[in-house]
Number of protein chains: 2
Amino acid sequence: MSTIKEIAARVGVSVATVSRALNNYPDVSAKTRSRILKVAEEMRYYPNASAQNLVTSKTFTVGVFFSPADGSGLRHPFVGHVLTIFSAEIGRQGYDILWFTNRKTPFDHYGIIERIQHRSVDGLLLIGQPEGAWEEILSADVPVVAIDFVISGHRVGSVTSDNRRAMQDLVLTLTEQGYRQFAYLHGPLAVPPAMERLQGFYAGMAACQMIVHPEWVAFADFTMADGYAATKAIIAGPNRPEVICCASDMTAIGALKAIREAGLLVPQDISVVGFDDVEAAVQVFPNLTTVRQPKEQMGRLAAEVLYSMMSAPSRDTPHHYVLPTELIVRQSTRSQSAENMSRVGPSDPMADSPQALKFDTI
Amino acid sequence: MSTIKEIAARVGVSVATVSRALNNYPDVSAKTRSRILKVAEEMRYYPNASAQNLVTSKTFTVGVFFSPADGSGLRHPFVGHVLTIFSAEIGRQGYDILWFTNRKTPFDHYGIIERIQHRSVDGLLLIGQPEGAWEEILSADVPVVAIDFVISGHRVGSVTSDNRRAMQDLVLTLTEQGYRQFAYLHGPLAVPPAMERLQGFYAGMAACQMIVHPEWVAFADFTMADGYAATKAIIAGPNRPEVICCASDMTAIGALKAIREAGLLVPQDISVVGFDDVEAAVQVFPNLTTVRQPKEQMGRLAAEVLYSMMSAPSRDTPHHYVLPTELIVRQSTRSQSAENMSRVGPSDPMADSPQALKFDTI
DNA sequence: CCTCAGGCCGTAAACGTTTTCGGCGCGCTG
DNA sequence: CAGCGCGCCGAAAACGTTTACGGCCTGAGG
């Protein structure tokens with residue numbers, strides 16, 4: 001409410017001096033500085049961010065978009081978790097976060113880059129976005145950090161899990177444990193991690209020289225309801241997979257329900273493994289075997305690389321982190337021993353299925 | 001990047017005319033307007049929000065704070081859900097959302113109202129905040145809407161569930177069904193809905209002339225882990241409640257796990273009821289009986305009242321909605337029939353417990 | 001032909017800062 | 001005593017808009 005001008009008038013100095021005092025410039029005497037600070041304090045002065053931005057072209061604001069989709073947006077626990085970490089980390093550098101609401105209505109004539117420029121954010125966070133067309137964002141010429149997928153360009157960093165590798169290793173491990181019949185529930189393929197995990201799945205299957213049954217790889221949004229529906233369809237078929245791998249813990253939790261309702265047991269009849277290791281993974285029954293993403297680390301690193309780009313605007317050394325994951329085996333998967341795997345033999349009941357996919361066909 | 005001045009120079013008019021054309025003012029001829037619009041288009045012009053804000057003192061931004069606590073912040077599904085709705089609704093009015101990061105560090109010397117004024121948001125959304133001291137926010141003199149708790153003041157609206165009533169009705173209903181031994185897991189009492197629900201619980205117990213066993217009312221943050229720990233402690237005791245009422249579905253899901261691990265069955269041995277009706281309620285086993293909050297409606301209404309306050313700044317008729325809830329009975333609670341309630345008799349094993357609470361002692 | 005209304009547009013102030021440039025006055029050195 | 005440096009501060013421009021005010025010009029009515 002009160003301005004720098006009012007302070008100046010009251011102290012009897014010029015606005016320039018007030019500004020200098022407030023910003024800890026050296027060339028103002030100790031006594032006038034203290035007088036100014038006292039008056040500013042008692043007038044409850046706070047600078048106007050818009051005015052500051054206008055002249056310094058710095059907003060101390062980083063923008064973020066969310067997908068409106070339930071499975072990929074704010075409502076997914078993974079997103080909420082790393083976002084919380086990111087917020088705390090970037091907050092301690094003095095930044096706030098501008099959440100660009102999605103405009104579905106023809107209210108505004110602005111596109112996405114226009115809105116970025118309009119608000120003149122100092123940086124941009126990309127997370128959980130299936131919207132595609134993110135390349136156009138690079139034309140906005142603002143530092144960008146992407147979580148969970150990598151885009152390259154000028155002043156663009158990223159931090160992701162090694163999704164492909166994680167999934168590939170998972171099927172190797174599972175194969176070693178005797179699993180042969182795999183189902184896979186992938187997420188929306190427009191979102192990069194979903195695609196990478198699917199590719200990892202195919203790669204793993206190929207490496208083990210195993211056959212992918214196309215009717216067992218199905219789409220399920222990163223959502224419990226979708227996971228439920230998809231596995232319900234799968235286990236209604238003539239044959240059943242031994243394990244259902246899911247691209248998200250949410251999907252896996254839905255799968256658990258479908259299996260349970262069918263009167264089957266996890267992991268005795270069907271195993272389930274998820275992805276992310278969300279908080280709920282240890283709460284459901286049976287506890288989810290899952291591949292853990294380092295969520296805290298991802299949030300922290302993202303804040304770090306974005307901050308470094310924002311504070312050193314000209315330097316062009318973006319960082320790209322791809323972090324290792326960790327397989328957390330819990331109860332939804334059978335243990336190492338193979339004695340109760342007797343049903344699985346070398347004779348694959350669907351081995352000659354003509355639709356069988358190899359990895360390179362994808 | 002390009003400014004109004006450049007457009008003016010290129011078209012050969014003054015900046016005032018450009019501004020008028022861009023803002024659809026009537027007093028500019030059709031031909032100059034179309035010329036201006038065309039040039040603006042091809043120069044990829046977008047106005048600078050800071051400059052606009054400086055002169056109009058309107059930012060088209062609503063601020064929101066989140067609790068850093070896991071149970072009450074962004075990571076709670078309830079918060080994420082209504083926030084998503086709110087965002088979409090307020091977004092269609094042209095607003096974006098400024099997420100004030102919490103500064104735990106001594107980085108900035110600004111308090112909370114200072115930061116609000118600094119950013120000069122047009123409105124404020126309060127949700128899931130246990131931070132107390134929200135009264136001071138009213139001194140910021142900005143329209144405020146609170147979700148899930150009611151604060152009163154000038155230009156302050158609110159939308160909440162009828163928490164007290166909901167919980168009271170719940171124990172009445174449960175009592176009618178034969179339940180006698182109640183446990184209650186309240187949330188952090190600093191957050192209003194937790195307190196209201198607790199009061200409703202006591203009121204219901206009092207109305208039914210039932211005894212509250214103090215060792216069965218325990219604190220649990222709105223989190224699964226806390227619900228697990230709290231019920232684990234409760235069922236380890238010498239006696240066991242028949243039903244555990246939880247102030248949140250998260251807590252209830254944790255309770256489910258603790259009961260399961262103790263080798264007990266839900267609802268045969270112990271019933272569980274939650275609050276919120278989050279997405280996971282129908283995914284866990286057994287499906288949660290819970291009292292549903294009208295999340296979509298809450299998000300929509302909050303956006304509505306905030307928008308009306310922001311667009312009619314002077315009018316002083318804040319709206320306070322308190323919405324009815326709905327009891328959704330599913331599997332975690334026994335059905336109407338009382339034949340299997342034989343264990344519950346008029347003789348209360350703890351009836352003479354000296355620590356027994358009445359409602360008015362709280 | 002004169003006047004007046006009204007459509008269209010330009011000038012300039014204003015919003016609240018930051019920052020450059022320069023100036024005053026003091027003390028020190030030669 | 002002259003000159004110089006330096007600490008401290010003010011004047012003013014600049015950032016990109018909006019908007020009040022006033023002026024010109026055209027056309028219509030008397």
Side-chain angles (χ1 to χ4, degrees), chain A residues 1-37 39-40 43-61 94 108 110 114-122, chain B residues 1-37 39-40 43-61 94 108 110 114-122:
Chain A
M1 221 52 178
S2 59
T3 79
I4 223 178
K5 209 174 298 179
E6 301 174 19
I7 298 183
R10 211 147 112 172
V11 177
V13 294
S14 74
V15 293
T17 304
V18 176
S19 176
R20 277 187 284 248
L22 258 22
N23 293 4
N24 290 325
Y25 276 55
D27 53 348
V28 44
S29 76
K31 53 197 73 96
T32 49
R33 156 173 290 127
S34 71
R35 265 172 46 221
I36 289 173
L37 289 185
V39 171
M43 291 184 76
R44 314 201 79 227
Y45 167 81
Y46 5 78
N48 181 308
S50 296
Q52 287 180 315
N53 169 235
L54 198 53
V55 46
T56 63
S57 57
K58 186 103 172 63
T59 56
F60 282 98
T61 292
D108 63 335
Y110 298 146
E114 281 84 353
R115 289 179 64 196
I116 293 172
Q117 307 276 52
H118 173 69
R119 295 289 192 181
S120 55
V121 294
D122 293 335
Chain B
M1 221 52 176
S2 60
T3 77
I4 224 178
K5 210 174 297 181
E6 301 175 18
I7 298 183
R10 212 149 112 172
V11 178
V13 294
S14 74
V15 291
T17 304
V18 176
S19 176
R20 277 186 285 248
L22 257 23
N23 294 6
N24 290 325
Y25 276 55
D27 51 349
V28 44
S29 76
K31 52 199 73 98
T32 50
R33 154 173 292 126
S34 71
R35 266 176 40 225
I36 289 173
L37 290 185
V39 171
M43 291 184 76
R44 314 201 82 228
Y45 166 82
Y46 7 76
N48 180 308
S50 297
Q52 288 180 316
N53 169 235
L54 199 54
V55 45
T56 63
S57 56
K58 188 105 171 63
T59 56
F60 281 100
T61 291
D108 63 334
Y110 298 147
E114 280 84 354
R115 290 177 64 195
I116 294 172
Q117 307 277 51
H118 174 71
R119 296 289 193 180
S120 54
V121 295
D122 293 336

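Treat the numbers as computed from the prediction; the structure is a model and nothing was measured. Chain A is the first sequence line, chain B the second, and so forth, proteins listed ahead of strands; every chain is numbered from 1.
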> The helix from C:dC1-D:dG30 to C:dG30-D:dC1: angle between its terminal axes, five pairs each, to 10°?
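Nearest ten degrees gives 60° for this helix.
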
> Looking at every non-hydrogen atom in both residues, tell me the closest pair between A:R119 and B:A49 and how far apart they are.
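For A:R119 versus B:A49, the nearest heavy atoms are CA-CB, 4.3 Å.
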
> Could you work out, with side-chain hydrogen bond (donor to acceptor under 3.5 Å, both in side chains) as the rule, every residue matching B:R44, not counting sequence neighbours?
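With sequence neighbours excluded, B:R44 shows a side-chain hydrogen bond (donor to acceptor under 3.5 Å, both in side chains) to no residue whatsoever.
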
> For A:D27 versus A:R20, what's the shortest heavy-atom pair and its separation?
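For A:D27 and A:R20, the tightest heavy-atom pair comes out as OD1-CD, 3.4 Å.
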
> Let me know the distance between CD of A:E6 and C1' of C:dT17, rounded to the nearest Å.
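Interatomic distance, CD of A:E6 to C1' of C:dT17: 14 Å.
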
> We want to know whether A:D122 and A:T59 form a side-chain donor-acceptor pair, criterion being a heavy-atom distance below 3.5 angstrom.
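The answer is yes; a qualifying pair exists.
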
> Any base atoms under 4.0 Å from A:T32, or only sugar-phosphate, or nothing? Heavy atoms, all strands.
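It contacts sugar-phosphate atoms only.
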
> Answer yes or no: does atom NZ of B:K58 have more than 12 heavy-atom neighbours from other residues, nucleotides or ligands under 6.0 Å?
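Atom NZ in B:K58 is crowded, with more than 12 foreign heavy atoms closer than 6.0 Å.
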
> How does each nucleotide of nucleotides 15-28 of chain D score, in 5' to 3' order, for protein heavy atoms under 4.0 Å: base (B), sugar-phosphate only (S), or none (-)?
BBBBBB--------

> Given A:V18, which of A:V39, A:T3, A:V13, A:T32 fulfils the side chain to side chain contact (heavy atoms under 4.5 Å, CB included) condition?
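Going through the options one by one, the only one that passes is A:V13.
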
> Specify the closest pair of heavy atoms between A:A51 and B:L54, including all atoms of both residues, with the distance to one decimal.
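Between these two residues, the closest heavy atoms are CB-CD1, 3.7 Å.
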
> Do you know the tightest heavy-atom contact between B:Y46 and A:E114?
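Looking at all heavy atoms of both residues, the shortest contact is CD2-CG, 2.8 Å.
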
> Over how many whole Å does the gap from A:N53 atom CG to D:dA14 atom P extend?
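Rounded to the whole Å, the gap is 19 Å.
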
> Atom NZ of A:K58 and atom C1' of C:dT19: how far apart are they, to the nearest Å?
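Going from A:K58 (NZ) to C:dT19 (C1'), I get 18 Å.
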
